[in-house]
Amino acid sequence: MRRAIFPGSFDPLTNGHLDVIERAAPLFDEIIVAVLNNPDKNPMFTVEERVAMIQEILQSIKHNGCKLTVDSFSGLTAEFAKARMATAIVRGIRAVSDYEYELRMALMNRKLEPEIETVFFMADEEYSYVSSTLMKQVFLLGGRVDGLIPDLVEAKMQAKLAETA
Ligand code: PNS
């Protein structure tokens with residue numbers, strides 16, 4: 001059983017994240033998209049909202065027979081991966097600028113759990129500038145983000161905006 005976790009904040013999930021999941025799916029039997037519950041951050045969506053959104057979106061993506069599940073976690077990624085008996089941590093790399101941060105995390109996670117390997121996927125270059133932070137910023141300032149985030153995420157962002165207006 002080749003099980004991986006794909007940890008992140010996913011506030012919100014972008015098409016870049018989906019691209020990484022679709023690329024990783026053929027290599028694993030199961031991928032658990034693991035949403036970090038980080039009380040220090042001031043997220044746009046609650047963890048429950050993010051998990052529900054991702055669950056719905058994953059139903060309509062290419063998964064190559066790989067089981068795609070979604071869960072939330074608190075604390076260390078490496079501990080969560082071990083508790084779920086995952087052998088790999090999936091992360092996406094967009095550009096060289098991601099490398100140092102990702103390298104530090106991968107080495108720290110390896111130090112914590114030597115049996116668990118971090119596997120990097122290069123997102124399609126069309127998403128090389130797409131980040132959750134940038135998507136929120138552009139959206140909140142009235143810019144177009146279609147094609148960069150799933151339609152459901154955009155609809156939920158619209159609803160959030162209306163809620164807080
Ligand atoms: O999508 P993000 O916000 O870049 O994801 C970062 C994440 C959640 C993978 C990272 O912050 C993380 O693993 N946090 C959990 C705490 C932890 O394990 N820290 C040590 C890893 S170096």
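Order of appearance sets the numbers: ligands from 1, and atoms from 1 within every ligand. Bear in mind that the values here come from a model prediction, so they are computed numbers and not experimental data.
- Contact of the Val35 side chain with the Ile54 side chain is registered, since non-hydrogen atoms from C-beta on lie closer than 4.5 Å.
- The residues Lys82 and Glu115 are annotated as not salt-bridged, no charged nitrogen and carboxylate oxygen being separated by less than 4.0 angstrom.
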Could you go through ligand 1 and list every pair where one of its N or O atoms sits under 3.5 Å from a protein N or O, giving the atom names and the distance to one decimal?
| unit_1 | atom_1 | unit_2 | atom_2 | d |
| --- | --- | --- | --- | --- |
| ligand 1 | 1 (O) | Ser9 | N | 3.2 |
| ligand 1 | 3 (O) | Ser9 | OG | 2.6 |
| ligand 1 | 4 (O) | Arg91 | NH2 | 3.0 |
| ligand 1 | 5 (O) | Arg91 | NH1 | 3.3 |
| ligand 1 | 13 (O) | Thr77 | OG1 | 2.5 |
| ligand 1 | 18 (O) | Thr77 | N | 2.9 |

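- Contact of the Leu141 side chain with the Gln137 side chain is registered, since non-hydrogen atoms from C-beta on lie closer than 4.5 Å.
- Remark: side-chain polar atoms of Asp11 are not paired, donor with acceptor, to backbone N or O of Pro43 under 3.5 angstrom.
- Residue pairs meeting the ring-ring contact (aromatic ring centres under 6.0 Å, His included) criterion with at least one member in residues 77-102, sequence neighbours excluded, are Phe73-Phe80.
- Salt bridge status for Arg110 with Glu117: present, with a side-chain N to carboxylate O gap under 4.0 Å.
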